[in-house]
Amino acid sequence: MELPAKYSPAEVEDKWYAWWLKNKFFHSEPDGREPYTVVIPPPNVTGILHMGHVLNNTLNDVLVRKARMDGKNACWVPGTDHASIATESKVVAKLKAEGISKEDITREEFLRHAWEWKEKHGGIILSQLRKLGASCDWDRTKFTMDPDLSEAVINTFVYFYKKGYIYRGIRMVNWDPVGLTAVSDEEVIHRDTVSKFYHLRYFISDGNGNPTDKYIIIATTRPETIMADAAVCINPEDERYHWLKGKKILIPLINKEIPIIEDSYVEMGFGTGCLKVTPAHDVNDYEIGLRHNLPVLDIIDDHGRLNEKAQILVGEDRFEARKKIEVMLQEAGNLEKVEDYTSPVGYSERTNAVIEPRLSMQWFLKMEDLAKEALESVESGKVKLIPDKYRNTYRHWMENVRDWCISRQLWWGQRIPAYYLPDGRFVVEATAEEALKAAQALDPKITAADLKQDEDVLDTWFSSWLWPISVFDTHKAGHPEAQPNKDLAYYYPTNDLVTGPDILFFWVARMIMAGDEFMHDVPFRNVYLTGIVRDKLGRKMSKTLGNSPDPLDLIAKYGADGVRLGMMLCTSAGNDILFDESQVEQGRNFCNKVWNAFRLMKGWTVDEKASQPEAAAVAVRWFENKLDMTLEAVEDHYSKFRISDAIMTVYKLFWDDFCAWYLELVKPAYGAGIDAATYKATERFFDALLKMIHPFMPFITEELWQNLAPRKEGETIMLQRMPLAGEYDRSVITDFDMACEAVVAVRSIRQQKGLSPKEALTLLVKGAFPMDTLPVVRKLANISSVSKVDSFEGVSGVSFMVRTVEMSVPLEGLVNAEEELAKLEAALDYQEKFLASVRKKLSNERFVANAPEQVVAVERKKEADSLSKIESLKAAIAALKK
RNA sequence: GGGAGCAUAGCUCAGUUGGUUCAGAGCGUCUGCCUUACAAGCAGAGGGUCGGGGGUUCGACUCCCUCUGCUCCCACCA
């Protein structure tokens with residue numbers, strides 16, 4: 001195989017991905033092995049891959065590939081989410097661009113357009129995931145609106161309805177006037193918003209609907225809703241307003257008479273202490289209205305415009321109306337003053353429209369019992385959140401959860417299976433046929449034509465909460481008593497879920513609820529919550545800022561392996577990651593390093609007659625131990641989901657230990673062959689290293705592994721077992737480290753003295769140096785001879801210490817005695833101070849009495865080492881002074 | 001308003017029940033090298049009073065209090 005000096009990922013990556021697919025390596029079927037299951041957080045069906053997906057799916061893929069190499073039956077189920085609001089608004093926009101208005105076409109026509117759109121754009125994001133190397137079982141690809149998954153959603157609705165958990169009613173909901181639908185509490189984002197605080201004069205009525213000259217001042221942020229006022233409310237404790245009792249107040253501009261009511265809800269210290277009560281357009285006011293039996297007058301329509309009930313400004317948008325009514329109030333003498341005011345305003349998560357609290361008929365799911373169980377699942381540790389800090393947030397939400405508004409006034413989604421009889425009664429059944437039967441039980445004369453199905457669809461999350469169940473078994477959701485099918489029985493519960501904390505409640509919590517309800521078990525064991533990918537300035541990546549790189553461009557430029565590694569190097573659970581292209585560059589550079597190490601090794605020719613050089617023997621023995629030690633550390637990182645630590649540990653093992661030390665030590669002289677024993681060992685190490693790197697960089701490792709040795713047809717690194725950590729001898733590693741320190745010291749001396757690496761030097765050793773590692777020093781520091789000495793007296797050289805061993809490089813004529821002396825004296829000074837601090841500790845009786853033995857022993861060792869160093873330094877100084 | 005979290009090297013972050021010569025890593029920086037795997041590289045070096053203050057302890061980056069600055073989540077004060 002021809003190997004260029006630079007690795008080019010493009011063809012390699014496409015080649016191996018296609019080959020993996022062809023061989024169905026990602027495909028999983030239940031068998032006797034332990035399963036390892038992951039379901040993808042389904043991206044929006046019309047979505048495009050962004051950096052957040054890269055982070056999430058790379059993490060997922062690392063976990064899946066690792067599990068697969070641990071011998072588990074790994075199954076990663078991919079799929080997409082129909083994302084009702086997001087998709088519907090995209091389709092509406094597309095139709096609008098074509099001159100078609102949603103209002104002018106039928107539901108069926110609209111859905112035809114929507115499906116067309118889905119077919120056209122639906123596969124994009126999944127194909128992008130393939131470029132990233134995601135090892136999903138594509139044969140299992142699901143879509144939340146697949147017919148059978150939709151059926152599961154409907155069955156679930158029917159199940160909860162019959163259980164009494166689903167009810168229909170007129171409630172104050174969060175209305176999105178742009179999306180034209182209700183949204184759940186979780187889909188409302190509150191943001192502090194600068195607005196105005198209008199102080200309005202409401203005049204007292206003379207009893208006949210005419211204003212007197214007395215008035216009170218009411219502060220409001222929404223003057224455009226005054227026409228819907230049903231009362232003015234004061235706190236019963238508020239003495240300032242006792243004179244108002246029994247009086248009537250006139251609404252400005254329309255002179256409508258409304259009563260004064262008292263309710264302790266009103267804060268006396270806030271605003272003017274008078275509250276206008278507008279039950280139709282404010283959640284709190286609605287509650288007050290209920291308590292006081294106030295009429296509800298809804299003056300705002302679906303689009304957020306004033307309707308005819310407002311009497312004035314009819315047809316105006318609510319914000320336009322606000323501006324205009326300010327002028328009208330001013331002219332009418334009702335405007336006392338206007339102040340700037342900052343208050344939290346609710347925005348729609350999807351459309352960013354200001355949410356209009358609005359009364360409407362909606363379907364709700366009771367959450368109390370579901371939340372209780374779901375809380376327990378996390379509190380008991382059956383589901384672990386990583387990082388753990390999210391437990392608090394989770395608990396708080398679960399303890400304060402409100403009923404879930406599950407109906408949406410949209411067409412794209414699962415239509416609510418409620419069927420209305422002409423008299424207004426309704427039945428809930430999974431199919432029209434069953435509904436007809438049920439309806440006929442109520443009224444035998446009913447025909448199919450009489451029944452009208454509810455127009456609304458279900459919240460998207462009402463389908464995605466079934467995901468870990470319904471991707472395997474579409475019957476079980478909605479039928480807790482049913483036997484799970486073979487797949488569900490085998491794969492459920494899934495193992496790990498990787499997702500963002502922003503959907504902890506939308507999705508994660510609700511999946512736990514559905515799992516409890518239908519499986520009597522949690523849907524996953526561990527939830528790894530990623531952070532948000534930001535740019536290097538800490539800003540959220542967004543289209544408008546243009547700070548979000550296209551992952552596919554990055555892959556084209558650096559290779560998928562490079563992109564993956566760049567992401568993994570800087571991710572830690574729960575922390576946002578500040579993404580910078582230089583990290584991907586680092587990933588690419590690592591690929592190149594691996595590539596070149598391979599080139600080096602492949603360039604060697606084995607000399608069967610050659611015996612193993614000492615340095616190589618030391619290196620092999622050391623690396624064997626180092627490898628085992630590192631495997632143990634990496635395994636520990638994986639077990640704690642410290643993915644970036646795991647890859648960094650492997651990265652350093654490869655780059656620093658394997659390349660910088662090991663390969664340099666075993667590298668044969670130019671033109672010479674390598675002995676067979678060393679070559680075999682090197683191959684073995686390379687094999688292990690490739691396997692360790694594979695979960696992070698699947699492509700290049702497959703490419704090199706295939707070329708490392710002859711492979712049988714269909715053999716892949718993907719399915720090799722990850723090497724297991726064996727026993728290792730720590731002293732081998734520390735001895736080698738000392739040799740390395742000596743090498744670094746000599747190299748440093750060369751640098752300081754301007755000596756070429758080619759110029760051989762000699763080395764004097766005084767003290768207990770692990771002599772069997774000396775070949776390392778000789779080879780890598782270019783030392784021609786090493787002598788053990790008892791003293792450096794009479795030697796003109798540069799000395800240094802490795803731990804407690806003193807060493808010197810004789811350098812006749814190059815040594816500045818004064819400099820040397822100063823260096824030694826500084827070292828002595830430091831050492832003496834260090835000794836003093838150690839002795840201070842040791843002479844402290846309370847320390848000796850209270851500290852654990854081990855800690856005291858360490859201090860004694862420090863003392864002894866320090867004494868020995870001081871002795872050496874003093875001797876060296878004395879020798880130098882002679 | 002309630003809750004959670006963060007502050008350690010120029011940057012991004014580790015530091016796992018308070019105690020290994022513990023103040024670390026990666027990147028960046030500086031110096032010297034095109035050394036026959038790799039300049040996407042090699043070798044070497046510098047860099048932090050662990051946000052400020054106080055306390056507990058024989059001992060604090062680690063525990064407690066407080067101040068400052070930032071972030072996030074939740075929330076119906078018009």
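Order of the sequence lines sets the chain letters (A, B, ...), proteins ahead of strands, with each chain counted from 1.
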*For atom CD of E339(A), decide whether the heavy atoms of other residues, nucleotides or ligands shown that lie under 6.0 angstrom number more than 12.*
yes
_Considering every strand and a 4.0 Å limit on heavy-atom distances, what is the contact class for R402(A): base, sugar-phosphate, or nothing?_
sugar-phosphate
*Taking the six-membered ring for Trp, are H396(A) and Y394(A) ring centroids under 6.0 Å apart?*
no
*For the side chain of Y265(A), starting at C-beta, report the closest nucleotide among G26(B), C76(B), C38(B).*
C76(B)
*Closest listed nucleotide, where the reference is the side chain of H190(A) and the choices are G41(B), C76(B), C74(B)*: C76(B)
*So does Y651(A) get a side-chain nitrogen or oxygen closer than 4.0 Å to the phosphate oxygens (OP1/OP2) of C27(B)?*
yes
*Shortest non-hydrogen contact from A219(A) to G271(A)?*
CB-CA, 4.4 Å
*Of the listed nucleotides A43(B), A37(B), C77(B), the one nearest the side chain of A660(A)*: A43(B)
_Within 45° cone and under 6.0 Å: R191(A) NZ/CZ vs Y347(A) ring_ = yes
*Hey, is the side chain of R747(A) pairing donor to acceptor with the base of A43(B) inside 3.5 Å?*
no
*asked:* Roughly how many Å apart are A60(B) and G19(B), using the C1' atom of each and rounding to a whole number?
replied: 10 Å
*Using a heavy-atom cut-off of under 4.0 Å over every strand shown, decide if K869(A) touches base, sugar-phosphate, or nothing.*
base
*Quote, to the nearest angstrom, the P distance that separates G44(B) from G26(B).*
13 Å
_Can you work out whether V743(A) or L569(A) has the more 5'-proximal nearest nucleotide on RNA chain B?_
L569(A)
*Looking across every strand, which nucleic acid part, if any, lies under 4.0 Å from P357(A) by heavy atom: base, sugar-phosphate, or nothing?*
nothing
*For U20(B), what is the paired nucleotide under Watson-Crick or G-U wobble rules, both distances under 3.5 Å?*
none
_Closest nucleotide among A40(B), C42(B), U20(B) to the W655(A) side chain_ = C42(B)
*Using a cut-off of 4.0 Å on non-hydrogen atoms, how would the nucleic acid contact of C659(A) be classed: base, sugar-phosphate, or nothing?*
base
*Could you check which nucleotide pairs with G1(B) in any of the strands shown, counting Watson-Crick or G-U wobble with both distances under 3.5 Å?*
C74(B)
*Can you tell me how far C1' in C72(B) sits from the matching atom in G10(B), rounded to whole Å?*
27 Å
*asked:* Tell me if the CZ atom of R291(A) is crowded by more than 12 foreign heavy atoms within 6.0 Å.
replied: yes
*Options G19(B), C72(B), G41(B), nucleotide nearest the side-chain atoms of R534(A)*: C72(B)
*Checking only heavy atoms, does the side chain of K593(A) share a donor-acceptor pair with the base of C38(B) at less than 3.5 Å?*
yes
*Quick one: label A849(A) by what it contacts on the DNA or RNA (base, sugar-phosphate, nothing), any heavy atom closer than 4.0 Å.*
nothing
*R846(A) side-chain proximity, nearest of C38(B), A78(B), C58(B)*: C58(B)
*Which nucleotide in the list A43(B), C38(B), A78(B) gets nearest to the side chain of Q751(A)?*
A43(B)
*Counting Watson-Crick and G-U wobble pairs only, both distances under 3.5 Å, name the nucleotide matched with U29(B), or none.*
A45(B)
*Would you indicate which nucleotide in A78(B), G5(B), A25(B) comes nearest to any side-chain atom of D282(A)?*
A78(B)
*When the aromatic ring centroids of F686(A) and F658(A) are compared, is their separation below 6.0 Å?*
yes
*Distance check: side-chain N/O of R642(A) vs OP1/OP2 of G15(B), anything under 4.0 Å?*
yes
*asked:* Please determine whether a side-chain nitrogen or oxygen atom of N850(A) lies at a distance below 4.0 Å from atom OP1 or OP2 of U57(B).
replied: no
_So F834(A), base contact, sugar-phosphate only, or nothing? Heavy-atom distance under 4.0 Å._
base
_Need one value for K667(A): base, sugar-phosphate or nothing, where a base atom within 4.0 Å counts as base even if backbone is also close, heavy atoms only._
base
*Could you check whether Y341(A) gets within reach of a base, just the sugar-phosphate, or nothing at all, counting any heavy atom under 4.0 Å?*
sugar-phosphate
_Let's test your reading of the model: under 3.5 Å, does the base of C58(B) pair with the side chain of N844(A) as donor and acceptor?_
no
*Between the side-chain atoms of E664(A) and the base atoms of A43(B), is any donor-acceptor pair under 3.5 Å?*
no
_Using the side-chain heavy atoms of D645(A), tell me which of these nucleotides is nearest: A14(B), G19(B), A40(B)._
A14(B)
*Please check if atom NZ in K384(A) has more than 12 non-hydrogen atoms from other residues, nucleotides or ligands closer than 6.0 Å.*
no
_Need to verify one output field. Residue with the more 5' nearest nucleotide on RNA chain B, V848(A) or T272(A)?_
V848(A)
*Please state the C1' separation for the pair U12(B) and G1(B) - nearest whole angstrom.*
34 Å
_Rounded distance in Å between the P positions of A45(B) and C38(B)_ = 24 Å
*Quote, to the nearest angstrom, the C1' distance that separates G3(B) from G15(B).*
27 Å
*Identify whether any heavy atom of V283(A) sits under 4.0 Å from a base atom; if not, whether one sits that close to sugar-phosphate; answer base, sugar-phosphate or nothing.*
nothing
*Ignoring hydrogens and angles, are the base of U20(B) and the side chain of Q854(A) linked by a donor-acceptor pair under 3.5 Å?*
no
*asked:* Ignoring hydrogens, what is the shortest heavy-atom contact between Q831(A) and S866(A)? Give both atom names and the distance.
replied: OE1-OG, 3.1 Å
*Base, sugar-phosphate, or nothing for S343(A), non-hydrogen atoms under 4.0 angstrom?*
sugar-phosphate
*P-based separation of C63(B) from U16(B) [nearest Å]*: 9 Å
*Across the strands shown, which category fits T393(A) at heavy-atom distances under 4.0 angstrom: base, sugar-phosphate, nothing?*
sugar-phosphate
*Assign K640(A) to base, sugar-phosphate, or nothing according to its heavy-atom contacts below 4.0 angstrom with the strands shown.*
base
*Below 4.0 angstrom from OP1 or OP2 of A37(B), is there any side-chain N or O of R599(A)?*
no
*With heavy atoms under 4.0 Å as the rule, sort Q586(A) into base, sugar-phosphate or nothing.*
sugar-phosphate
*Proximal nucleotide (of G5(B), U20(B), C76(B)) relative to the V858(A) side chain*: U20(B)
_Are the side chains of M697(A) and C591(A) in contact, using a 4.5 Å heavy-atom criterion?_
yes
*F505(A) and W397(A) aromatic ring geometry - parallel, tilted or perpendicular at 30°/60° bounds*: parallel
*Find the partner of A9(B): check Watson-Crick (N1-N3 plus N6-O4 or O6-N4) and G-U wobble (N1-O2, O6-N3) distances, both under 3.5 Å, and reply none if neither fits.*
none
_For the P atoms, the ones on G46(B) and on C30(B), what distance do you get once it is rounded to whole angstrom?_
16 Å
*How is L578(A) classified with respect to the nucleic acid when contacts are heavy atoms under 4.0 Å: base, sugar-phosphate, or nothing?*
sugar-phosphate
